[in-house]
Student: 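Please find one structure pasted underneath; my questions will follow.
Residue numbers start at 1 and run along the sequence shown.
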Amino acid sequence: MIVCSRCSKENQDHYKFCLGCGAELPRQSSKPRSLSAPTPPGGTPSPGRTTNAPQAQGGRAEALASAPQLELDPTPVEPLRSKPVPVEDPLPPELAPLGDETLPCPHCGSQVPESFRFCHVCGDDLHAEASSEALAEASVDAPAERVSEPAVAEASQQATARARLVLIQPDGSEGESFSLSADRTLIGRGTGGIFANDAYLSPEHAEFRFEGNQLVVRDMESLNGVYIRIEPEVPIELFDGSVFRVGQEILRFEAPVAPDPSADGTQYMGSPHRGYLGRIALMIGRQTTGNCYPIPPQGIHLGRERGDVVFPEDGYVSGLHCRVNSELGHIFLTDVGSSNGTFVRVSNESYVPQGTFVLMGQQLFRTEY
């Protein structure tokens, strides 16, 4: 018997590989075996000679010289299992387990009992071969798995993606991203994914599309609107009804509109002063305003600590945040280098340049394309 050095299982002397783990067994059995046949009493006859070897002590050297020499085969041994060698009868029937039928090894063709996991000639894992064949048959015969429609839509969108919205987290790091296709892409709470849990988003909030090489966003009459961050020190013109956001404060610009006097020429009290540019009203509801601040001819500054209008309780407003002033008869909003930016609400639709920050609901995104 040969004891496997890896799993300690006993194997027959003529086995080359362990039946327990498939490891290669030592070439010698537990009982030492002579490498050459025992020399007969009369000596070993040399090939082609009919006379016996000399018996005298003096002729011993000649007898050894004339005896056939053992020559080593210089051919290098090929790696294990690189070329299976068929064996006509590797396992005698009397050594096979009783009542166990034999099957041909798929690797070397030797007859191996069904209860053997490893081939005793080449060491091949018979169970692995059977498992791979069964898996291949199952994959061919099994019906194709049906892919859900959302998965198909997502894969199609990724394949045609031309831009993406990158979520900016409160600490300034990047979060998830949402692909924008070259065609129309609808964003809203009904879209699911990163938009599903934002209660400030409408079910259909905004639409993104491309016009040539320019990305365009359209507000789908959402309740809370779509805001675009303006560049620092780049004035943006305000029109009557324009809405902008400073920190958490939503403000609306209202141009001065003097009511017509009565038929007898009497002016209404509270009419706008001719020198004022208009006012900004703090929005506290969809059509409800809170405090209002008149804009004098020299304009006004907004901030948390300095300026004509301050919001000391809003930590998202910089010390000096933005200004509203008049130039050549037009009213402009300018960010003066705030940390969190000034955002203008899209009235209908607007171009969105590369790298622009877009505010929708409570989520801030950066466009990339």
Side-chain angles (χ1 to χ4, degrees), residues 205-209 211-259 271-283 286-287 289-304 306-311 314 316-318 320-360 364-367:
H205 197 94
E207 176 195 83
F208 288 84
R209 71 178 190 277
E211 291 185 359
N213 294 325
Q214 290 290 328
L215 181 64
V216 178
V217 61
R218 178 188 176 193
D219 188 350
M220 303 295 289
E221 299 182 357
S222 62
L223 180 63
N224 296 307
V226 178
Y227 292 81
I228 293 180
R229 182 174 178 173
I230 64 176
E231 295 292 331
E233 301 298 340
V234 178
I236 299 296
E237 186 173 2
L238 297 178
F239 302 93
D240 184 31
S242 294
V243 178
F244 60 97
R245 182 168 173 171
V246 176
Q248 297 290 343
E249 316 302 326
I250 299 177
L251 303 155
R252 182 175 67 198
F253 170 73
E254 297 177 354
V257 179
S271 298
H273 191 280
R274 292 182 182 275
Y276 281 85
L277 306 176
R279 69 177 183 176
I280 55 174
L282 186 64
M283 303 291 295
R286 186 173 179 85
Q287 298 296 334
T289 58
N291 293 341
C292 296
Y293 309 94
I295 305 173
Q298 69 272 20
I300 59 174
H301 283 80
L302 291 77
R304 189 182 72 253
R306 296 177 291 145
D308 304 287
V309 180
V310 295
F311 304 99
D314 194 335
Y316 292 94
V317 178
S318 296
L320 188 63
H321 200 101
C322 64
R323 70 173 178 265
V324 178
N325 66 312
S326 174
E327 293 183 7
L328 302 176
H330 297 272
I331 308 300
F332 292 94
L333 170 68
T334 306
D335 185 277
V336 295
S338 63
S339 299
N340 295 310
T342 302
F343 293 81
V344 175
R345 181 169 179 171
V346 176
S347 59
N348 182 20
E349 60 182 34
S350 173
Y351 288 107
V352 186
Q354 159 72 15
T356 300
F357 289 91
V358 180
L359 184 63
M360 296 182 291
L364 178 62
F365 300 91
R366 185 183 69 247
T367 59

Student: If you take all heavy atoms of P256 and G278, which pair is closest and at what distance?
Tutor: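 Taking P256 first and G278 second, the nearest heavy atoms are CD-CA, 3.6 Å.
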Student: Show the nearest heavy-atom pair for residues L277 and N325, with the distance to one decimal.
Tutor: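 It is CD1-C, 4.5 Å.
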Student: For residues V226 and R345, determine if any side-chain heavy atom of one lies less than 4.5 Å from a side-chain heavy atom of the other.
Tutor: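 Counting from C-beta outward, V226 and R345 never come under 4.5 Å.
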Student: For I295 and F253: C-alpha separation, side-chain torsions, deciding distance, then whether side-chain contact (heavy atoms from CB on, under 4.5 Å) applies.
Tutor: CA-CA 10 Å; I295 305 173; F253 170 73; 3.7 Å; yes
Student: How long is the span from the OG atom in S242 to the CD1 atom in I236, to the nearest 0.5 Å?
Tutor: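 S242 OG to I236 CD1: 10.5 Å, rounded to 0.5 Å.
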Student: Tell me whether R366 at atom CZ has more than 12 heavy atoms from other residues, nucleotides or ligands lying less than 6.0 Å away.
Tutor: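 Enclosed: over 12 neighbouring heavy atoms sit under 6.0 Å from CZ of R366.
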Student: So which atom in V246 and which in C322 form the shortest heavy-atom distance, rounded to 0.1 Å?
Tutor: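 Closest pair (atom of V246, atom of C322, distance): CG2-SG, 3.9 Å.
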Student: Can you find a pair of side-chain heavy atoms, one from E211 and one from Y351, that are under 4.5 Å apart?
Tutor: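 Yes, side chains in contact.
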Student: Using 0.5 Å steps for rounding, measure from the CG atom of D219 to the CE atom of M360.
Tutor: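 One finds 10.5 Å between CG of D219 and CE of M360.
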Student: Are V309 and N291 side-chain neighbours, meaning at least one heavy-atom pair lies under 4.5 Å?
Tutor: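 Side chain of V309 against side chain of N291, heavy atoms only: no contact under 4.5 Å found.
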Student: For the side chain of T367 and the backbone of T356, is there at least one donor-acceptor N/O pair under 3.5 Å apart?
Tutor: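 It does hold such a pair.
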Student: Can you check whether E231's main-chain N or O pairs, donor with acceptor, with D335's side chain at less than 3.5 Å?
Tutor: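 The answer is no, because no donor-acceptor pair under 3.5 Å joins these two groups.
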Student: Got a second to check how far E254's CD is from R279's CZ, nearest 0.5 Å?
Tutor: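 If I round to the nearest 0.5 Å, the distance is 4.5 Å.
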Student: For residues G275 and P297, report the shortest heavy-atom separation together with the two atoms involved.
Tutor: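 That closest heavy-atom pairing would be O-CG, 2.9 Å.
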Student: For the side chain of R304 and the backbone of R306, is there at least one donor-acceptor N/O pair under 3.5 Å apart?
Tutor: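 No, the answer is negative, given that no donor and acceptor are paired below the 3.5 Å cut-off.
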Student: For atom CD of E221, is the number of surrounding heavy atoms from other residues, nucleotides or ligands below 6.0 Å larger than 12?
Tutor: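 Atom CD in E221 is not crowded, with 12 or fewer foreign heavy atoms closer than 6.0 Å.
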Student: Which atom names give the shortest non-hydrogen contact between A255 and D240, and what distance separates them?
Tutor: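 Result for this residue pair: N-OD1, 3.0 Å.
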Student: Just verifying a value: how many Å separate F332 CZ and I230 CD1, rounded to the nearest 0.5 Å?
Tutor: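 Taking CZ in F332 and CD1 in I230, the distance rounds to 12.0 Å.
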Student: Taking the side chain as C-beta and beyond, is there a heavy-atom pair between F343 and L364 under 4.5 Å?
Tutor: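 A side-chain contact exists here, since the closest heavy-atom pair is under 4.5 Å.
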Student: Set out, in order, the CA-CA distance, both residues' side-chain angles and the distance that settles side-chain contact (heavy atoms from CB on, under 4.5 Å) for F244 and I280, then state yes or no.
Tutor: CA-CA 10 Å; F244 60 97; I280 55 174; 4.2 Å; yes
Student: When you measure from the side chain of H321 to the backbone N and O of G341, does any donor-acceptor pair fall under 3.5 Å?
Tutor: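 Yes; judged by distance alone, with no hydrogens or angles, the pair exists.
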Student: Say you draw a straight line from CG of L302 to OG of S318; how long is it, rounded to the nearest 0.5 Å?
Tutor: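 That separation rounds to 12.0 Å.
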Student: Would you mind listing every salt bridge (Lys or Arg N to Asp or Glu O under 4.0 Å) that reaches into residues 348-357, with sequence neighbours excluded?
Tutor: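 Those involving residues 348-357 are R209-E349.
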Student: Would you give the length of the straight line joining atom CZ of R218 to atom CG of N348, rounded to the nearest 0.5 angstrom?
Tutor: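 The distance works out to 6.5 Å.
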Student: Are side-chain heavy atoms of L282 and E249 found at a separation under 4.5 Å?
Tutor: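 Result yes, sub-4.5 Å side-chain heavy-atom pair found.
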Student: When you measure from the side chain of T334 to the backbone N and O of R323, does any donor-acceptor pair fall under 3.5 Å?
Tutor: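 Between the backbone of R323 and the side chain of T334 there is no qualifying donor-acceptor contact (under 3.5 Å).
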Student: Go through the steps to decide whether I250 and Y227 satisfy the test side-chain contact (heavy atoms from CB on, under 4.5 Å), and finish with yes or no.
Tutor: CA-CA 11 Å; I250 299 177; Y227 292 81; 3.7 Å; yes
Student: Given side chains that start at C-beta, do those of V217 and I228 come closer than 4.5 Å, heavy atoms only?
Tutor: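 They are in side-chain contact.
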Student: Between Y293 and D308, is a side-chain contact (heavy atoms from CB on, under 4.5 Å) present by the stated rule, with each step listed?
Tutor: CA-CA 9 Å; Y293 309 94; D308 304 287; over 6 Å; no
Student: Would you say the side chain of Y276 lies within less than 4.5 Å of the side chain of P296, judging by non-hydrogen atoms?
Tutor: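 They are in side-chain contact.
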